[in-house]
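What's counted below: heavy atoms across the whole structure, side chains too, no hydrogens, waters or symmetry copies. Sequential numbering from 1 along the given sequence is applied to the chain's residues. Quantities reported herein were computed from a predicted structural model and do not represent experimental measurements.
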Amino acid sequence: MTQTATTDAPDLTEAERGRILAKAALFAPPPATLPDGRRDLVGLSREELAAEMVAMGEKPFRAKQLWHWIYHQGVTDFARMPSIAKAMQAKLAERFVVGRPGVDTEQTSEDGTRKFLFAFRDGQKVETVYIPDQQEDRGAVCISTQVGCTLSCRFCHTGTQKLVRNLGAAEIVGQFMAARDSYGEWPSPTDGTPRLLSTIVIMGMGEPLYNYENVAKAMRIVMDGEGIALSRRRITLSTSGVVPMMDRCGAELGVGLAVSLHAVRNDIRDEIVPLNRKYPIEELMAACRRYPGASNARRITFEYVMLKGVNDSEADARELVRLLRGIPAKVNLIPFNPWPGSPYETSSNNAIHRFARIVQDAGYASPIRTPRGRDILAACGQLKTESERARAARPARGAPDTPPPSPEPRTANAA
């Protein structure tokens, strides 16, 4: 089998991708349209936005104006877009909204981690977490891509919640935009000014590569230089190992890759990460070796949850080193974060440090992650909502049917 850095990886991969995308369509998000017929402009590509303008008899350049106000300035009210004439503002307001997820609850941990429970128009909910850096004024927004999850990883709280549906591009990018609203970080800096919400990690609820097309569309919007303008180097996508889509993601998006490995033997990984039964460790590591753009400057991150007596032996550490051979890699060792009813225990401090030393001595960085947001169940593997329950939708605070007030337009240099 020839391994390349293109999307033409193993035989039958294209057919397998087609199967994955067809299954994703069964869990498609609802249309981004309000009951009154107005359409949400968030989540549209530049081309789609231009097409909407042409359809209403306007010139395509209106799309560029709207893109600036929506994604650079963070404005949600057409009346606060002064470069657009008032008559046009009214015309837009009749047909469109600039939405946000509704904020159902917002909690801040004692360590500064903030967790949002966002509600969408159909009443479904996801959790999104902002994790501030402990040394610098910056941090990462951990974004969800599905309501629930299809993988059922046994150590993960989210995995106990069945997949309800995929999130649309508007719902994915909207999480980051709503978090920016909360921190008052509009407009997007253009002069190198640091920002608190400086990176995105796509490792919240759900498996992003099982919702690839919506995730890719959202990330292209995020990376657009005339809008939110986050570099691909500031975006990391985490997968449990959907091998056929890893090739496509690397070729098309080129974002950083994190792999939820968690075990070095197929029998153990079959148990705790059931996706391994379809794409075993050998195939997963081969996909990592051919991931485009991986280098010493852009190492693949391997996430490894430390489970007492399951995957934390010295032999496991040495096998991990063998598996990583030839891959520009680092390993995040994650002490297991307990949740109600979980069947596992956290590895002892001694076991974790012994494991880390073996990996470090082989030349791989292996930081032990400090759990963040445990007190509000915002730590790795603790996210879960009750969206699997059928219930009448109730409007959430700031629900997108009535877009929240926009932050005052200000320049990038404003205080």
Side-chain angles (χ1 to χ4, degrees), residues 32 38-53 58-84 88-89 92-93 95-101 103 116 118 120 128 130 140-141 143 145 167-202 213-235 253 255 398 400 403-414:
R38 290 182 297 163
R39 183 171 186 177
D40 193 347
L41 294 182
V42 175
L44 297 184
S45 67
R46 278 185 178 272
E47 294 76 17
E48 290 169 333
L49 192 52
E52 290 289 343
M53 295 302 100
E58 293 294 328
K59 300 291 186 182
F61 80 88
R62 292 291 189 194
K64 185 171 184 177
Q65 288 180 314
L66 285 168
W67 191 273
H68 171 82
W69 288 112
I70 294 169
Y71 295 117
H72 180 73
Q73 297 286 352
V75 174
T76 60
D77 184 349
F78 296 114
R80 297 173 68 181
M81 301 179 180
S83 64
I84 298 175
M88 179 61 183
Q89 292 173 358
L92 288 168
R95 294 167 172 78
F96 305 109
V97 297
V98 180
R100 292 285 193 275
V103 182
F116 304 88
F118 287 129
F120 302 111
T128 304
Y130 172 66
V141 183
I143 286 177
T145 57
L167 297 185
E171 296 170 325
I172 295 168
V173 71
Q175 294 171 62
F176 183 77
M177 296 172 78
R180 267 199 170 182
D181 292 344
S182 180
Y183 282 87
E185 287 223 314
W186 299 102
S188 298
T190 57
D191 59 356
T193 303
R195 48 183 160 189
L196 293 175
L197 281 65
S198 59
T199 60
I200 287 176
V201 286
I202 311 169
E213 291 187 324
N214 286 310
V215 170
K217 187 176 183 182
M219 290 306 103
R220 289 188 185 104
I221 291 171
V222 167
M223 292 187 289
D224 188 286
E226 295 183 3
I228 292 173
L230 272 192
S231 161
R232 69 186 69 236
R233 293 181 175 272
R234 292 192 171 276
I235 300 171
L253 297 180
V255 297
S406 302
E408 287 293 339
R410 55 189 173 92
T411 65
N413 294 322

- [ ] Enter the distance from L92:CG to R38:CZ here, rounded to the nearest 0.5 Å.
- [x] 11.5 Å
Open item on the list: Let me confirm one number: the OG1-CD1 distance from T128 to I143, rounded to the nearest 0.5 Å.
Closed with: 7.0 Å
- [ ] State, to 0.1 Å, how close G99 and V42 come at their nearest heavy-atom pair, and which atoms those are.
- [x] O-CG2, 3.7 Å
Task: side chain to side chain contact (heavy atoms under 4.5 Å, CB included) against I221, all qualifying residues, sequence neighbours excluded - done: W67, Y71, V173
TODO: Given side chain to side chain contact (heavy atoms under 4.5 Å, CB included), test W69 with S83 step by step and report yes or no.
DONE: CA-CA 9 Å; W69 288 112; S83 64; 2.8 Å; yes
- [ ] Give a yes or no on whether the backbone of V75 and the side-chain of R80 come within a donor-acceptor separation of less than 3.5 Å.
- [x] no
TODO: Quick one: list whatever passes salt bridge (charged side-chain N to carboxylate O under 4.0 Å, His left out) with R220, sequence neighbours left out.
DONE: E252
Open item on the list: If we ignore hydrogens and angles and just use 3.5 Å, is the side chain of Q175 paired with the main-chain N or O of E171 as donor and acceptor?
Closed with: yes
- [ ] Name all residues meeting the side chain to side chain contact (heavy atoms under 4.5 Å, CB included) criterion together with R39; count only those two or more places apart in sequence or in a different chain, and write none if there are none.
- [x] L44, E52, F96
Open item on the list: For F118, give me all partners under ring pair (Phe, Tyr, Trp, His ring centres under 6.0 Å), at least two apart in sequence or on another chain.
Closed with: F116
Task: CD1 on I228 to CZ on R234, rounded to 0.5 Å - done: 14.5 Å
Open item on the list: In the structure I gave you, are the side-chain heavy atoms of S188 and R180 within less than 4.5 Å of one another anywhere?
Closed with: yes
TODO: Please report the C-alpha distance between K59 and M53 in whole Å, then the side-chain angles of each, then the deciding distance to 0.1 Å, and finally whether the side chain to side chain contact (heavy atoms under 4.5 Å, CB included) criterion is met.
DONE: CA-CA 6 Å; K59 300 291 186 182; M53 295 302 100; over 6 Å; no
- [ ] Search all heavy atoms of P101 against all heavy atoms of A178 and return the closest pair with its distance.
- [x] CD-CB, 4.1 Å
TODO: Can you measure from CG (L66) to CD1 (I84) and round to the nearest 0.5 angstrom?
DONE: 4.5 Å
- [ ] Determine, stepwise, if the pair L49 / L41 fulfils side chain to side chain contact (heavy atoms under 4.5 Å, CB included).
- [x] CA-CA 7 Å; L49 192 52; L41 294 182; 3.8 Å; yes
Open item on the list: Which residues pass the side chain to side chain contact (heavy atoms under 4.5 Å, CB included) test with E213, not counting sequence neighbours?
Closed with: L21, R248
Open item on the list: Just to verify, what does A229 make a side chain to side chain contact (heavy atoms under 4.5 Å, CB included) with, not counting sequence neighbours?
Closed with: none
Open item on the list: Just by distance, no angles: are the side chains of R233 and T199 close enough, under 3.5 Å, to form a donor-acceptor pair?
Closed with: no
TODO: Please check if the side chain of Q89 supplies one atom and the backbone of M81 the other of a donor-acceptor pair under 3.5 Å.
DONE: yes
TODO: Rounded to the nearest 0.5 Å, what's the gap from CZ on R232 to CG on L253? Could you check?
DONE: 7.5 Å
TODO: List in chain and number order the residues that pass side chain to side chain donor-acceptor pair (under 3.5 Å) with S231, two or more places apart in sequence or in another chain; answer none if no residue qualifies.
DONE: none
TODO: Apply salt bridge (charged side-chain N to carboxylate O under 4.0 Å, His left out) to R62 and list each qualifying residue two or more places apart in sequence or on a separate chain.
DONE: E58
Open item on the list: Evaluate E185 against R195 for side chain to side chain contact (heavy atoms under 4.5 Å, CB included), listing each step before the verdict.
Closed with: CA-CA 7 Å; E185 287 223 314; R195 48 183 160 189; 3.4 Å; yes
Task: Listed partners of E226 passing side chain to side chain donor-acceptor pair (under 3.5 Å), at least two apart - done: R46
Open item on the list: Quick check: closest heavy atoms across A169 and A218, and the distance to 0.1 Å?
Closed with: O-CB, 3.8 Å
Task: CG-CD1 distance between L230 and I200, expressed to the nearest 0.5 angstrom - done: 5.0 Å
Open item on the list: Here's a test for you: under side-chain hydrogen bond (donor to acceptor under 3.5 Å, both in side chains), which of D181, D40, T76 qualifies with R100?
Closed with: D181
